Amino acid sequence: MCGIVGYVGPRAALDVVVEGLRRLEYRGYDSAGVAVVSQGRQFLTKKAGKIANLDKALAESSLPRTGLGLGHTRWATHGAPNDVNAHPHLSANGRVALVHNGIVENYARLREELAREGITCVSETDTEVVAQLLGLQVEAGVPLDQAMRAVCVRLQGAFTLVATDSENPDVVVAARRNSPLVVGVGDGENFVASDVAAFIEYTREAIELGQDQVVQITRDGVEVTTFDGLPADVRGYHVDWDLSAAEKGGYDWFMRKEIFEQPKAVADTLLGRHDADGKLTLDELRISDAELRTIDKIVIIACGTACYAGLVAKYAIEHWTRIPCEVELASEFRYRDPIVGPTTLVVAISQSGETADTLMALRHAREQRARVLAICNTNGSTIPRESDAVIYTHAGPEVGVASTKGFLTQLVACYLLGLYLAQVRGTKFDDEIRATMRELESMPAAISDVLSDIDTVMQLAADFVDAPSVLFLGRHVGYPVALEGALKLKELAYIHAEGFAAGELKHGPIALIEDQLPVFVVIPPQGRDMLHDKVVSNLQEVRARGARTIVLAEVDDDEVTPYADVMIRLPKVSTLLQPLVAIIPLQIFACELASRKGHDVDQPRNLAKSVTVE
Ligand code: AGP
């Protein structure tokens with residue numbers, strides 16, 4: 001998620017904005033920039049890299065120290081992280097400076113429209129298109145706030161926008177849809193920002209903007225309207241967080257914050273993935289449909305949690321495309337002399353895009369002339385750069401070492417890949433693909449439902465805080481969920497935890513079952529009776545041997561109730577999509593249990609966010 005700061009007041013906007021961006025660094029970013037208005041001109045400095053690079057550039061440029069400006073730290077979504085794509089973006093006439101957080105889905109069509117009017121964008125970003133549209137408006141004499149409203153109604157997607165006009169040095173105008181924006185109300189000065197961390201050293205009085213609202217701030221005023229220009233009722237509040245809490249949005253851990261960001265992360269990853277007719281469009285996929293039709297094998301390579309996302313993907317991709325799909329730990333892949341070639345599609349899944357094991361496996365696959373597609377959350381990182389194609393997840397920066405929203409958005413990207421391959425190869429009809437996409441687009445709400453009912457799993461964490469061992473069982477796509485649930489507990493609570501394929505129990509692991517041993521069991525949706533009944537039998541087997549069973553099952557699944565010591569209810573979703581909701585309680589369980597043990601949940605011992613060594 002990008003960091004945004006806007007300021008109008010008696011202080012030097014440059015200082016306020018750069019300091020505010022520093023307070024937002026925790027959000028993760030790959031470039032930064034500022035623009036201030038002075039004597040009818042925009043003065044702009046922006047650089048790829050960290051704020052230290054911006055500081056160096058600012059030391060060499062003499063930006064005026066006036067009282068109006070804005071700034072941005074960018075987490076690249078459209079366009080590589082470089083100086084040109086960094087924000088702020090200027091309109092062609094130099095009037096408007098704009099910063100943006102989010103994704104404008106229809107930017108390509110708007111860009112074509114601008115080109116027809118003779119306006120050529122200089123960057124690859126969706127943001128610049130908005131700056132150009134605002135520039136045209138103010139050049140026609142439209143006040144900036146009115147221009148913002150006129151442009152916002154033409155945008156699709158998620159956006160927080162903040163703009164200034166060189167010929168109107170007293171106002172900052174901002175707007176939001178599906179992306180946060182907060183106003184800091186000072187005394188003779190006002191602020192807009194992505195979150196309160198940017199301005200709480202100056203004021204703790206804030207106003208949270210609502211959906212589809214525009215705000216104009218001056219030194220002494222804050223005026224909020226709807227996109228239609230009608231006055232909007234907003235409520236102020238006092239920020240009583242300290243800076244550390246502010247960075248975590250009031251949560252105690254980044255991981256907990258990121259667990260609760262998952263509905264938005266999934267929604268953002270689904271944005272802009274199909275055209276008006278429902279045809280899937282994966283715009284970063286640089287492998288032609290004709291080539292994709294020649295693929296006769298898929299091999300997914302990844303590590304840790306990313307590998308478990310690949311295991312889920314295997315079930316979906318094989319079911320939808322009928323292409324054999326192997327999943328391989330990246331660290332094993334190149335040592336097993338894999339059978340890959342020009343008709344193999346190797347899919348490298350990586351949140352960071354820098355994991356050495358995955359990168360080396362990818363290079364080995366390319367040496368064997370396989371086509372490589374990356375699924376990655378970090379724009380411009382090494383793994384997508386060395387791949388033939390990429391599907392970016394849009395989870396935003398994941399600060400907690402234990403992956404949560406990274407995992408969920410990897411699942412979504414894998415589902416999109418499977419559906420796209422099915423569309424290209426005709427193994428699913430268009431109406432079937434549209435139906436699955438509609439269900440995927442309903443998943444943020446389903447995930448929110450799970451997040452709104454966590455008392456049971458929070459109590460479980462308290463009950464099991466001293467448990468020496470916990471087992472997790474699942475079958476079909478529930479098996480990777482069991483593996484991921486166990487990994488979360490291992491890496492956060494440092495206790496023995498193991499995930500099993502439920503059908504494997506009788507081949508050995510059932511010997512582990514002891515009285516009151518906690519065993520989580522993921523029950524498949526009731527739609528697949530054979531699958532469902534088998535796992536219910538496994539549940540009975542462990543319960544009969546004294547296990548304390550924690551059962552994750554659909555809301556109306558009463559068949560399992562007699563065998564559940566604790567029930568965790570899940571929304572009804574299709575079998576293949578159930579991991580998107582089933583993993584949530586397991587993430588919360590691990591996070592809460594580790595927190596109760598007094599562990600550093602965000603930085604667990606011995607672990608790094610990106611393992612850049614083999
Ligand atoms: C997940 O909680 C772990 N932090 C770890 O397993 C991680 O998923 C793995 O190291 C892969 O990282 P990547 O997705 O950045 O490649």
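Please read these numbers as outputs of a predicted model, since none were measured by experiment. Every heavy atom of this structure was used, including side-chain atoms; hydrogens, water molecules and symmetry mates were not. Counting convention: from 1, in listed order, for ligands and their atoms alike.
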Determine the interplanar angle of the Phe472 and Phe520 rings, folded into 0 to 90°, and report it as parallel if under 30°, tilted if 30 to 60°, perpendicular if over 60°. parallel

Per-atom contacts, ligand 1 versus Ala306 - under 4.0 Å to a heavy atom: 8 (O), 14 (O)

Mark yes or no for whether Thr160, through its side chain, and Ser179, through its backbone, hold a donor-acceptor pair below 3.5 Å. yes

Compare every heavy atom of Phe589 with every heavy atom of Val457, then report the nearest pair and how far apart it is. CG2-CB, 3.6 Å

Going by the order shown, which atoms of ligand 1 are within less than 4.0 Å of some heavy atom of Ser403? 1 (C), 2 (O)

Atoms of ligand 1 under 4.0 Å from any heavy atom of Ser350, numbered from 1 in the order shown, are 13 (P), 14 (O), 15 (O), 16 (O)

For atom 7 (C) of ligand 1, the protein heavy atom that lies nearest, with its residue and separation: Thr305 N, 4.2 Å

Do me a favour and list the nearest non-hydrogen protein atom to atom 15 (O) of ligand 1 with residue, atom name and distance? Ser352 OG, 2.7 Å

Classify the side-chain pair Glu354/Thr378 by whether it contains a donor and acceptor separated by less than 3.5 Å. no

So the atoms of ligand 1 within less than 4.0 Å of a heavy atom of Cys303 turn out to be 8 (O), 9 (C), 11 (C)

Give a yes/no on ligand 1: does Val401 have at least one heavy atom closer than 4.0 angstrom to it? yes

shortest atom 10 (O) of ligand 1-to-protein heavy-atom contact is with Val611 CG2, 4.2 Å

Which atoms from ligand 1 have a heavy atom of Ala402 less than 4.0 Å away? 2 (O)

At under 4.0 Å between heavy atoms, what of Glu491 touches ligand 1? The answer is side chain

Tell me the protein heavy atom at minimum distance from atom 13 (P) of ligand 1, and give that distance in Å. Thr355 OG1, 3.3 Å

For ligand 1, which atoms have a heavy atom of Gln351 less than 4.0 angstrom away? 13 (P), 14 (O), 15 (O), 16 (O)

Among the heavy atoms of Lys488, does any lie under 4.0 Å from an atom of ligand 1? yes

